[in-house]
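This report refers to the structure that appears directly beneath it.
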Amino acid sequence: MINLDNFNDKQKEAVLYNDGPLLILAGAGSGKTKVLTTKVAALIDSGIDTSEILAITFTNKASKEMKERIYNLIGSDAYYIQISTFHSFGLKILKDNYELLNYKKNFTIIDSDDSLSVIKKIMKEINVDQKMISPRYIKDNISSAKNSLVDEFEYSKYANTDNEIIIEKVYKRYQEKLKINNSVDFDDLLVLPIKLFKEYPSVLKAYQERYKYILIDEYQDTNEAQYVLTKMISAKYKNICVVGDNDQSIYSFRGANYQNILNFEKDYKDAKVIMLEQNYRSTKTILDAANSVIKNNKYRKDKKLWCDNNVGEKITYYRALNERDEADYISLEVEKALSNGVLPTQIAVIYRTNAQSRTLEESFLKNNIPYKIIGSFYFYNRKEIKDLISYLKLLYNNNDDVSLMRVINVPKRGIGIKTITNLENKAEINNISIYDAIDSGKELIFKNIIEDIKKEMDNINLTKLIDLVLDKSGMREALINENTIEADSRLENLEEFKSITKNFEEREGIISLEDFLNEITLVSDVEEHKDSKDRVTLMTMHAAKGLEFDYVFISGMEDGIFPSNKSFYDEQEIEEERRLCYVAITRAKKKLYIVNARKRRLYGIDSNNPPSRFISEIDKNCIENNSGNAVTKINVYKDREEEDFVTDINFKVGDKVIQDKYGNGIVVSLNDEFMFIAFPFPIGIKKFVKNHKSIKLEK
DNA sequence: CCATAATTCTTTTTT
DNA sequence: AGAATTATGG
């Protein structure tokens, strides 16, 4: 029997209501995951079969966590429940119905990089200048069309402008190419199941019968395709439970529409709505800080999360000299926490962009702090790893032209552009894949290598297959012969890749190449394939959603970084950044640090960013400034030679200056008493006391 | 065809 | 800053 002693009334109600549509509006830390997992356990307890439940999450990490927690409640029955991300659920549907959609069994999923290179290729084919319209722009447009369920034919109906007509052409050709390659992209994993259900109502009916109970987490992040997909499957029994929080909607760049959560009550007239507003996670201080920030959003349903928890420690604010000082300060405070007995798994450092992880990583390495970086795809992005994966994909799906092109001349086999262009033309004319078009020359030798490996691959495990590929392809030999430090490191990475397949095989028993390829495409994060316990976590704020830690460091709290300067011009985007800030703050249970840097070198240029506007929105009682206590004095000396600031100067019009609060600006006019400085949009021109100490000349 | 040099591009957040 | 693409010379 399920024990509900530790549940409040609302939570109990949410767990036990299983008759019809249910909307749970759950604030941060209100026990949402606890409710969802217990709900699943309660369903099973009441006699519902594990196969009748479908639970959908947004990230792989969230689904992994849900599986674990359900396992803790009901044991190994948890393995039989369909708990997955939208994309992997879509993949499952495709795997079960590929023939109906005219795919072959061994279709492959292409990742974002691959789809970009397909688009570039098409643009060359149809003579579109990449300087006039960027491939990325086209890709984003195609992707958002797909996520709004606009297919290439529908798109052409509305294509008017020059750009749209180009996109239309590329879109059509892109779909054709993927089809010939027997491959699908990420978006297809959502779009194709919907297409299937529309064309074959009987198939849809079978899914409706199968999944009688549907649970969807983070409903505010669903886009049109995801929304339609769940609506279709739940249409018969309407036992659909969605959980969400408008204040945590942070994926609109991916087409997410938090209106979906409001539409829920329209779609299901008899929907039950339960609000979970008591926070059990954070100290009162942290919650007050979060509330004081989010209340600045205009487009928002007012609600207030409350808690009974302790006041706890104040938030510590530290403004560092530069990004290295920032990282060192964090390292130092992390070390302090660790020596006070805080577990490394209970500490997280979060930031707005992945690029910020580098400096932090260097500092952690230097200070011997064990860490793991979530969501940095740098391992899979390495050339040698991509090459290896392309070999594997090609072995599995010979029609995968993208992978073939990647490796046909790796290592160098004397197959150049000319040969490849000829092959492409031949494939194009005959409407076949490049692999099938090969029948002579050096490229035939390549084809024979693949065929050779194919003969052996069925009898060996994955790890051995990788060795076989490295040997037969000549990749290993070429790298050994190169005899450089770089080649050695590439070899090391390839060995490291084997540890991933080994882990896989140990975890899953025997697994197929098919399963492996699907998983590394959908879970393209090394850390999620490894058991890396006892480490401090570094990740983006987006990746942190749904997680909680005793100690949280938010780094890079600067205007321009967070909120991102790309969001400055659009109120809606600023509001989304603010929701992200709300998410970031509410990750912390006990202690929150907010850190930023006066001077930061990012993407190769130096900038002097003012502190994030969100910091000033935090209730003053919640936060204390620790910048004066430069624990990192050593760095002050180290960085002195790099000091760019000059004081006591006679300013003149046109001088580039740095102002403590607003950052970089230009002196536009001055008199004996005042000076006027222009700052980038949206700050504008501000008036200051002349030669005020907060203004410095930029060298 | 290949290696290297020079130049240009990109740089939010994720499946 | 670093990656990616293009130009150049062998």
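Here C:dT8 presents its P atom at 14 Å from CD1 of A:Ile417, a figure rounded to the nearest Å. Look at CZ on A:Arg382: it is 17 Å from C1' on C:dA4, rounded to the nearest Å. What separates CD1 of A:Ile133 from C1' of B:dC9 is a distance of 17 Å, to the nearest Å. Regarding A:Met541, its CE atom lies at a distance of 11 Å from the P atom of B:dT14, rounded to whole Å. Atom-to-atom, CG of A:Asp113 to P of C:dT5 comes out at 10 Å; the value is rounded to the nearest Å. Atoms NZ (A:Lys412) and C1' (B:dC2) sit 7 Å apart, rounded to a whole Å. Look at OH on A:Tyr137: it is 16 Å from P on B:dT11, rounded to the nearest Å. At whole-Å resolution of the value, CG in A:Leu190 and C1' in B:dT14 are 12 Å apart.
A stacked arrangement is not assigned to A:Phe58 and the six-membered base ring of B:dT14, the conditions of a centre distance below 5.5 Å and an interplanar angle below 30° not being jointly met.
At least one donor-acceptor pair under 3.5 Å links the side chain of A:Gln220 to the backbone N or O of A:Asp245. Proximity of a side-chain donor or acceptor of A:Ser390 to a complementary backbone N or O of A:Lys386 within less than 3.5 Å is detected. At least one donor-acceptor pair under 3.5 Å links the side chain of A:Asn397 to the backbone N or O of A:Asn181. Judged by distance alone, with hydrogens and angles left aside, the side-chain atoms of A:Ser252 form no donor-acceptor pair with the main-chain N or O of A:Gly255 at under 3.5 Å.
Counting only heavy atoms from C-beta on, A:Lys566 has its side chain closest to B:dT12 among B:dC1, B:dA3, B:dT12. Comparing atom distances between the A:Thr540 side chain and each of B:dT11, B:dT15, B:dT13 picks out B:dT13 as nearest. Closest to the side chain of A:Phe253, from the set B:dT15, B:dT13, B:dT12, is B:dT13. With C:dG2, C:dT5, B:dT12 as the choices, the nucleotide that has an atom nearest any side-chain atom of A:Arg358 turns out to be C:dG2. Looking at the side chain of A:Arg254, the nearest of the listed nucleotides B:dC2, B:dT14, C:dG2 is B:dT14. Candidate nucleotides B:dT13, C:dG2, B:dT15 were compared by shortest atom distance to the side chain of A:Asn60, and B:dT15 ranks first. Distances from the side chain of A:Arg601 to the nucleotides C:dA1, B:dT15, B:dT13 place C:dA1 closest. Listed nucleotides B:dT13, B:dT15, C:dT5 differ in distance to A:Lys120; the shortest reach to its side chain belongs to C:dT5.
For the pair A:Asn354 and B:dT14, the criterion of a side-chain N or O lying under 4.0 Å from OP1 or OP2 is met. Distances shorter than 4.0 Å separate some side-chain N or O of A:Thr419 from OP1 or OP2 on B:dC1. Taking side-chain N and O atoms only, A:Lys383 has no distance below 4.0 Å to OP1 or OP2 of C:dA3.
When all heavy atoms are compared, the tightest approach of A:Met475 to A:Glu384 is CE-O, 3.8 Å.
With C1' as the reference atom, B:dT12 and C:dT5 are 24 Å apart, rounded to whole Å.
In this structure, A:Phe86 reaches neither bases nor backbone, as no heavy-atom distance under 4.0 Å exists between it and the strands shown. Backbone-only engagement by A:Asn409 is indicated by non-hydrogen atom pairs under 4.0 Å involving sugar-phosphate atoms exclusively. Backbone-only engagement by A:Lys131 is indicated by non-hydrogen atom pairs under 4.0 Å involving sugar-phosphate atoms exclusively. Nucleic acid contact for A:Thr59: sugar-phosphate only, since backbone atoms but no base atoms lie under 4.0 Å from a heavy atom of the residue.
Mapping A:Arg136 and A:Tyr251 onto DNA chain B by nearest heavy atom places A:Arg136 closer to the 5' end of the strand. When the nearest nucleotides of DNA chain B are assigned to A:Ser112 and A:Arg413 by heavy-atom distance, the more 5′-ward of the two goes with A:Arg413.
Shown here is A:Arg382, whose CZ atom has more than 12 heavy atoms of other residues, nucleotides or ligands within 6.0 Å.
A donor and an acceptor atom never sit less than 3.5 Å apart when one is taken from the side chain of A:Ser88 and the other from the base of B:dT15.
Between A:Phe58 and A:His87, the ring center distance fails the sub-6.0 Å criterion.
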